[in-house]
Amino acid sequence: YTALNYACLNKSVEIVELLLHSGRDVGTAIMSTLGDTPMINACWHECDEICTALLESDKDLGLAIANDNGDTAIAIACWRGMREVAMAMLDSGCELGLGVVSDAGYTAFLHACRSNLADVAFAMLECDENLSLDATDAGGATAMMFAVEYQRGDLCHAMLETGEDL
């Protein structure tokens with residue numbers, strides 16, 4: 001762990017901002033003993049303010065790093081329904097590990113569809129990263145199945161247009 005990781009775990013916005021603006025290397029991409037980066041911790045604890053501060057810091061956040069469960073920061077943000085944070089990550093231009101499949105079978109795209117974050121899913125489809133559209137969760141559900149469940153024909157159509165196996 002680093003002080004920044006602890007500050008993110010404790011949802012301490014003031015301390016996170018102090019550390020980020022200190023001019024020192026505060027370990028923005030260093031993983032905890034569980035493999036969580038500060039951004040993963042901020043997403044896990046649904047702290048939008050800290051996520052925004054981290055993204056605005058212009059530091060290497062290791063956004064494509066997956067924790068010990070195989071989850072990336074954007075996958076957790078989507079799972080937790082953090083639409084604005086996920087969109088900000090996509091807008092950052094950083095590599096995000098969108099195609100990383102977690103130990104439970106989830107990808108960021110699958111989480112976006114499962115959480116009915118259609119705008120995030122559409123933005124992911126515009127990225128150059130592999131999305132692993134055929135990934136299934138532990139129950140065998142796919143992103144397409146969640147899009148159908150939420151009656152998102154537009155998203156179903158966009159997924160079919162990729163030509164990938166679904």
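Quick note: residue numbers are just sequence positions, from 1.
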Requested in this report: Go through the structure and list residues passing side chain to side chain donor-acceptor pair (under 3.5 Å) with D154, not counting sequence neighbours.
Outcome: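 In terms of side chain to side chain donor-acceptor pair (under 3.5 Å), with neighbours along the sequence ignored, D154 is linked to R152.
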Once rounded to the nearest 0.5 Å, what's the spacing between atom [atom1] of [X] and atom [atom2] of [Y]?
X    : Y    : atom1 : atom2 : answer
L110 : L133 : CG    : CG    : 10.0 Å
M31  : I65  : CE    : CD1   : 6.0 Å
S102 : D71  : OG    : CG    : 5.0 Å
M82  : C51  : CE    : SG    : 4.0 Å
L117 : M124 : CG    : CE    : 8.0 Å
N116 : Q151 : CG    : CD    : 10.5 Å

Can you tell which of [options] makes a side chain to side chain contact (heavy atoms under 4.5 Å, CB included) with [X]?
X    : options         : result
T28  : D58, L20, T37   : L20
L125 : L98, L131, V120 : L131
N41  : I50, N5, N10    : N5

Using every non-hydrogen atom in the two residues, find where [X] and [Y] come nearest and quote the distance to one decimal.
X    : Y    : result
S92  : L63  : OG-CD1, 4.1 Å
D68  : D103 : O-OD2, 3.4 Å
A29  : G62  : CB-N, 3.7 Å
L55  : A88  : CD1-CB, 3.6 Å
A42  : C8   : N-CB, 4.2 Å
G140 : M145 : O-SD, 3.8 Å

Requested in this report: Go through L4 and V16 one step at a time and tell me if the side chain to side chain contact (heavy atoms under 4.5 Å, CB included) criterion holds.
Outcome: CA-CA 6 Å; L4 182 61; V16 167; 4.0 Å; yes
Answer yes or no: are there more than 12 heavy-atom neighbours, outside [X] itself, under 6.0 Å from its atom [atom1]?
X    : atom1 : value
I15  : CD1   : no
Y150 : OH    : yes
E149 : CD    : yes

Determine whether a donor-acceptor pair (N or O, by modelled atom type, separation under 3.5 Å) exists between the side chain of [X] and the backbone of [Y].
X    : Y    : result
E17  : A53  : no
E129 : L96  : yes
K59  : L54  : no
R80  : E46  : no
T162 : M159 : yes
S132 : G99  : yes

Query raised in the report: Salt-bridged, R83 to D119, with N to O below 4.0 Å?
Result: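 Salt bridge flag = yes for D119 with R83.
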So do the side chains of [X] and [Y] get within less than 4.5 Å of each other, counting heavy atoms only?
X    : Y    : value
F109 : F146 : no
I40  : T72  : no
V13  : C47  : yes
M89  : C43  : yes

Requested in this report: Any chance you could lay out the side chain to side chain contact (heavy atoms under 4.5 Å, CB included) test for C156 and V148, step after step, and finish with the verdict?
Outcome: CA-CA 7 Å; C156 294; V148 169; 3.7 Å; yes
Query raised in the report: Quick one: do M87 and M39 end up in the same hydrophobic cluster if we chain Ile, Leu, Val, Met, Phe, Trp and Tyr together by side-chain heavy atoms under 4.5 Å apart?
Result: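 In one cluster with M87: M39, yes.
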Query raised in the report: Should L18 and L61 be counted in the same cluster of Ile, Leu, Val, Met, Phe, Trp and Tyr side chains packed under 4.5 Å apart?
Result: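 Not linked; separate clusters.
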Requested in this report: Anything under 30° is parallel, anything over 60° is perpendicular, the rest tilted; go ahead and classify Y106 against H111.
Outcome: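 Because their plane-to-plane angle is under 30°, the rings of Y106 and H111 count as parallel.
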